[in-house]
A.B. asks: 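To start, I am sharing the structure in question, which I have written as structure tokens.
Remember, it's a predicted structure, so these values are computed and weren't measured experimentally.
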Amino acid sequence: MYVRKVIGVFVLFVSLMIISGCGTTDKNSTTTNIDDSKWEDVAESGQLVVGTSGTLYPASYYPEGSDRITGYNVEVIREVAKRLGLESKFEIMSFDSKMAALQSGRVDVVMAGPRDESKEKFNFSEPFKYSYSTMIVRSEDHSGIESLEDLKGKVAGGAATTVYSDIARKYGAEVKTYGNATNDVYLRDVANGRTDVIINDYYLQSLALKAFPELDIELHPDLKFHPQTVSVVTPKEDQTLADKIDETVKEMKNDGTLTKLSGEFFGGQDVSQEIKDDIKEIEGIE
């Protein structure tokens with residue numbers, strides 16, 4: 001698949017917004033009121049509104065010469081919507097605005113990974129993607145980085161609120177933040193020395209590098225850390241919608257649909273299965 005070079009900020013990622021659940025209590029029991037209104041509204045409209053970047057290859061992007069968005073995340077949620085009898089409508093937005101858009105009701109769902117605090121405020125479906133973090137560095141000297149501790153004093157490119165930027169800061173790097181930037185901006189900054197490293201998802205970074213073979217950069221050969229997942233995310237109070245989506249994702253995993261979609265977008269690799277490699281956990285990073 002030929003993809004234009006103006007695709008792909010690497011963002012996986014998760015902002016934290018406070019959304020409270022609702023419930024009632026009597027003398028004998030505590031029950032949670034499941035709010036069906038969101039599902040009823042979505043079902044009545046016949047449309048599931050999805051917040052996504054549109055610049056993240058191969059998760060969410062526009063192919064060269066096309067005005068139809070595609071990508072692994074996009075096709076997963078498109079199939080979920082189809083199985084629920086819905087059309088999918090995609091709203092393009094930066095990572096840092098996605099959770100706010102979900103909270104405000106501008107969109108019905110986004111795709112992201114859970115963190116401990118966010119799990120208390122949002123519903124996360126069965127994961128449809130498993131991965132871990134790696135680093136893009138300069139090929140000649142690995143940007144002077146041979147361990148996570150070597151990040152101290154380095155400049156890392158990233159979005160402001162991602163777990164990847166949290167990792168960089170934890171180990172003493174300065175984070176140079178970008179908006180909804182494209183792959184060529186991130187990668188060229190590492191190659192020309194404006195930044196030293198990009199910490200992000202292994203699968204996304206490995207594919208992004210293939211689109212820019214002229215740049216003298218590579219995945220760090222020795223560092224694998226912070227296992228992670230991506231799920232469909234809904235507000236905590238929208239339980240009926242969340243349950244229907246979760247059941248559908250599980251069905252798609254069991255019937256092989258996720259494996260098939262993964263193979264199409266990740267060069268035959270199956271990102272829908274848990275990774276068995278020994279991946280370093282990072283204390284204090286969710």
Side-chain angles (χ1 to χ4, degrees), residues 1-15 46-83 86-102 106-113 128-129 131 136 157-162 164 177-190 198 200-215 217 230-233 252 257-258 260-269 271-272:
M1 180 186 299
Y2 176 76
V3 181
R4 59 188 173 188
K5 290 192 177 182
V6 291
I7 56 173
V9 100
F10 320 149
V11 192
L12 253 191
F13 33 124
V14 177
S15 299
Q47 189 174 75
L48 188 69
V49 183
V50 183
T52 190
S53 71
T55 58
L56 177 60
Y57 174 76
S60 169
Y61 69 98
Y62 290 89
E64 178 72 20
S66 174
D67 60 1
R68 177 177 168 82
I69 193 170
T70 190
Y72 178 64
N73 291 9
V74 168
E75 298 306 331
V76 166
I77 197 63
R78 190 171 266 149
E79 179 65 16
V80 167
K82 179 181 177 181
R83 294 188 186 200
L86 305 169
E87 297 291 330
S88 44
K89 177 184 177 182
F90 296 92
E91 295 280 347
I92 306 305
M93 57 190 62
S94 69
F95 170 80
D96 289 334
S97 65
K98 285 200 303 184
M99 303 308 272
L102 183 61
R106 176 183 166 187
V107 299
D108 302 317
V109 300
V110 299
M111 284 80 77
F128 62 82
K129 180 171 180 282
S131 189
I136 287 179
T161 59
T162 65
Y164 309 113
T177 60
Y178 297 75
N180 208 27
T182 54
N183 271 355
D184 61 318
V185 175
Y186 276 87
L187 298 178
R188 292 185 193 284
D189 277 1
V190 174
I198 303 164
N200 211 277
D201 173 83
Y202 163 73
Y203 292 110
L204 299 185
Q205 300 214 105
S206 60
L207 288 170
L209 284 175
K210 292 181 180 179
F212 299 89
E214 74 276 14
L215 298 179
I217 53 179
V230 180
S231 299
V232 183
V233 189
M252 290 166 61
T257 300
L258 294 184
K260 180 176 181 293
L261 289 173
S262 176
E264 293 174 6
F265 290 100
F266 290 95
Q269 299 179 97
V271 304
S272 73

A.B. asks: State which residues pass salt bridge (Lys or Arg N to Asp or Glu O under 4.0 Å) with E91; sequence neighbours excluded, sorted by chain then number.
C.D. replies: K89, R106
A.B. asks: When rounded to the nearest 0.5 angstrom, what is the spacing between CE in M93 and OG in S53?
C.D. replies: 10.5 Å
A.B. asks: With sequence neighbours excluded, what pairs up with R83 under the side chain to side chain donor-acceptor pair (under 3.5 Å) test?
C.D. replies: E79, E251, D255, T257
A.B. asks: How far does CD1 of I198 sit from CG of L209, to the nearest 0.5 angstrom?
C.D. replies: 8.0 Å
A.B. asks: Give me the atom names and distance for the closest heavy-atom approach of A112 to V233.
C.D. replies: N-CG2, 3.7 Å
A.B. asks: Please identify each residue that fulfils side chain to side chain donor-acceptor pair (under 3.5 Å) with T52, with sequence neighbours left out.
C.D. replies: S60
A.B. asks: Say you draw a straight line from OH of Y178 to CG of D189; how long is it, rounded to the nearest 0.5 Å?
C.D. replies: 3.5 Å
A.B. asks: If you measure from CD1 on I69 to OG on S88, what distance do you get to the nearest 0.5 Å?
C.D. replies: 10.0 Å
A.B. asks: Who pairs with S272 by side-chain contact (heavy atoms from CB on, under 4.5 Å), at least two apart in sequence or on another chain?
C.D. replies: Y72, L258, T259, D270
A.B. asks: I'd like to know if the side chain of S262 and the backbone of Q269 have a donor-acceptor N/O pair within less than 3.5 Å.
C.D. replies: yes
A.B. asks: Please step through side-chain contact (heavy atoms from CB on, under 4.5 Å) for the pair R78 and K82, ending with a clear verdict.
C.D. replies: CA-CA 6 Å; R78 190 171 266 149; K82 179 181 177 181; over 6 Å; no
A.B. asks: We want to know whether N200 and Y186 form a side-chain donor-acceptor pair, criterion being a heavy-atom distance below 3.5 angstrom.
C.D. replies: no
A.B. asks: Quick one: does M252's side chain get under 4.5 Å of F128's, heavy atoms only?
C.D. replies: no
A.B. asks: Could you check if a side-chain atom of F265 sits within less than 4.5 angstrom of a side-chain atom of V271, using non-hydrogen atoms only?
C.D. replies: no
A.B. asks: Has S66 got a side-chain atom pairing as donor or acceptor with R68's backbone, closer than 3.5 angstrom?
C.D. replies: yes
A.B. asks: Checking V49 against F90 for the side-chain contact (heavy atoms from CB on, under 4.5 Å) test, could you report, in this order, the C-alpha distance in whole Å, the side-chain angles of both residues, the deciding distance, and whether it holds?
C.D. replies: CA-CA 6 Å; V49 183; F90 296 92; over 6 Å; no
A.B. asks: Run the side-chain contact (heavy atoms from CB on, under 4.5 Å) test on L86 and Q47 for me, step by step, so that the C-alpha distance in whole Å, both residues' side-chain angles and the decisive distance to 0.1 Å come before the verdict.
C.D. replies: CA-CA 5 Å; L86 305 169; Q47 189 174 75; over 6 Å; no
A.B. asks: List the steps, then state whether side-chain contact (heavy atoms from CB on, under 4.5 Å) holds for V107 with V50.
C.D. replies: CA-CA 6 Å; V107 299; V50 183; over 6 Å; no
A.B. asks: Would you give the length of the straight line joining atom OH of Y202 to atom OG of S131, rounded to the nearest 0.5 angstrom?
C.D. replies: 8.5 Å
A.B. asks: Report yes or no: does D108 contribute a side-chain atom to a donor-acceptor pair with the main-chain N or O of L48 at less than 3.5 Å?
C.D. replies: no
A.B. asks: Give the minimum heavy-atom separation between L204 and P58, together with the two atoms involved.
C.D. replies: CD2-CD, 3.3 Å
A.B. asks: I need the Y61 OH to L56 CG distance, nearest 0.5 Å.
C.D. replies: 10.5 Å
A.B. asks: Is there a side-chain contact between R188 and L215 in this structure, where contact means two heavy atoms from C-beta onward sitting under 4.5 Å apart?
C.D. replies: yes
